[in-house]
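Just so it is clear, the model here is predicted, and its values are computed rather than measured. Throughout, a chain's letter reflects where its sequence line sits, starting with A, and its residues are numbered from 1.
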2 protein chains.
Amino acid sequence: MSRGYHQFCGLARALDLIGSRWALLIVRDLLTGPKRFSELQDGLSGVPTNVLTARLRELEDEGIVMRRAHERPGGGVVYDLTDFGRELEQPIMALGFWGARAMGPMHPDDHFSVDSLTLALRGSFRPEHADARPRVYDFKVEDRSLRARVADGRLVVPSDSTDEPDLVVEADADVLAGLFSGQLTLDVARKSGRLQLRGTKAEAARLLDMFRFPSYA
Amino acid sequence: MSRGYHQFCGLARALDLIGSRWALLIVRDLLTGPKRFSELQDGLSGVPTNVLTARLRELEDEGIVMRRAHERPGGGVVYDLTDFGRELEQPIMALGFWGARAMGPMHPDDHFSVDSLTLALRGSFRPEHADARPRVYDFKVEDRSLRARVADGRLVVPSDSTDEPDLVVEADADVLAGLFSGQLTLDVARKSGRLQLRGTKAEAARLLDMFRFPSYA
DNA sequence: CTGGATCCCTCACGATACTG
DNA sequence: CAGTATCGTGAGGGATCCAG
């Protein structure tokens, strides 16, 4: 944000640090792992490059983001969160859940980020609804794909497991949200052609039981 | 914020709703009770009146804030949170705690809001450190005063109790923060003249034990 | 190709003066 | 007390260009 708030207050200080436009969305995308400049640009649906550059520099100065050399040889830099930046996970989750309740149906020109789905899964995971056997799930959403693994009551997403998935779920983002929030049933979604499943219906039902999104308008 | 983010994401939606400058601080001040226009203006350290007007109208359109007629006859309107707006308490607390860790010492021209202290007390209250007997505390800080009451493991602040306070604490905001975060001891603060107490030292120690602010730089 | 830098334009915000 | 009116500034939006 332009000028700071100049208040002796934790919230005001937080907004001084991450209140600028795009800042918290950058942190959101970095919560799922280090990213390159252009990956951030994609996930943020066309943020101007000068603004992205400026935000990254500010976040770096504030100790929230760090630049590192890319592991792959020859390839530029990646941006990652510091420990301090990673502690934004809980505030971001809390805000995300609050905002999710006010999401309407997906608009045609709404952007969809896999990082958003990743965090939604992490935040809505209910370990007590997972059983003993490990599971691997593949989500195919809006031309993107995401793999999740559940084992020992713990969720890892994104997962780099190479096991054969127990279930492949293909649907648009709003259909997925409708399913996980309980506002849409498996049968209705499949019969209307908005959902393709590869795997048993019982596995799908178990999956939906394992995550609970807030329902929205 | 100017134009929305147009993302199908709870966080992005939340920022569409309360990402504009001053918006979240307005909600913060309303979390401690309904306020008039000028009370908000005071607590927000000189936000331009046109901006405050615009924010309040936006927040009202979004279902976060509501205008009501003031109870006292003849006297204008008050602004209050809707149920949906009140659900921002947890995200705001989470952000406030995160930001508190990055607060430096108080700068001379930093503004101090009693609402900020109120929320800090609420958020850092440790009921398991309260004992059976009810207590009333008076805080006098930067020419403002705030009363808190603890009873049955529950904290009420601001409190309208008319009981005689068990302890009166008079100090500047940063001294108070230092005490509650454990970075400053009662003895040091008193001997340096930055803290005046009316009440027993044991009561003061118990008070500090009952709240735990995050420590900062 | 990635990772930006530069330019221009618009509008949100800041400051202040004024009014019902 | 509770805003409205006006005007200046600078952050952000968007396209294009440049360096390794």
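Ring pair A/Tyr216/B/Phe8 is perpendicular by interplanar angle, where above 60° counts as perpendicular and below 30° as parallel. Ring pair B/Trp98/A/Phe84 is parallel by interplanar angle, where below 30° counts as parallel and above 60° as perpendicular.
In this structure, CZ of B/Arg55 is placed 15 Å from P of D/dG3, rounded to the nearest angstrom. Atom CG in B/Leu52 sits roughly 16 Å away from atom C1' in C/dT16 (whole-Å rounding). Put simply, CD on B/Glu39 is 15 Å from C1' on D/dG3, counting in whole angstrom units. Between A/Ile26 atom CD1 and D/dG12 atom C1' the separation is 13 Å, expressed in whole Å. Between the NZ atom of A/Lys35 and the P atom of C/dT2 there is a distance of 15 Å, rounded to whole Å. Rounded to an integer number of Å, the gap from CD of A/Glu58 to P of D/dG10 is 16 Å. Rounded to a whole Å, the CZ atom of B/Arg21 is 11 Å from the P atom of D/dA11.
Listed here is the closest heavy atom pair of B/Val175 and B/Ala189: CG1-CB, 4.3 Å.
Helix-axis bend for the helix from C/dC1-D/dG20 to C/dG20-D/dC1: the local axis fitted to the five terminal pairs at one end deviates from that at the other end by 30°, rounded to 10°.
Comment: B/Glu60 does not engage B/Arg57 in a salt bridge, judged by the lack of any side-chain N to carboxylate O separation of less than 4.0 angstrom.
Distances shown here put a side-chain N or O of A/Trp22 below 4.0 Å from the OP1 or OP2 atom of D/dG13. Look at B/Arg3 and you won't find any side-chain N or O under 4.0 angstrom from OP1 or OP2 of C/dC11.
Scanning for side chain to side chain donor-acceptor pair (under 3.5 Å) contacts around A/Asp174 gives an empty result, with sequence neighbours left out. For A/Asp163, the side chain to side chain contact (heavy atoms under 4.5 Å, CB included) partners two or more places apart in sequence, or in a different chain, are A/Val136, A/Arg149, A/Ser161. For B/Glu89, there are no side chain to side chain donor-acceptor pair (under 3.5 Å) partners, not counting sequence neighbours. With sequence neighbours excluded, no residue forms a side chain to side chain donor-acceptor pair (under 3.5 Å) with A/Glu39.
When side chains are defined from C-beta on, A/Glu142 counts as touching A/Asp172, because their heavy atoms get closer than 4.5 Å.
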Protein-nucleic acid N or O pairs under 3.5 Å, nucleotides 4-8 of chain C:
| residue | atom | partner | partner atom | Å |
| --- | --- | --- | --- | --- |
| C/dG4 | OP2 | A/Tyr79 | OH | 2.4 |
| C/dA5 | N6 | A/Thr49 | OG1 | 2.5 |
| C/dC7 | N4 | A/Asn50 | ND2 | 3.4 |

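Nearest to the side-chain atoms of B/Arg36 among the listed nucleotides C/dA15, C/dC13, D/dC1 stands D/dC1.
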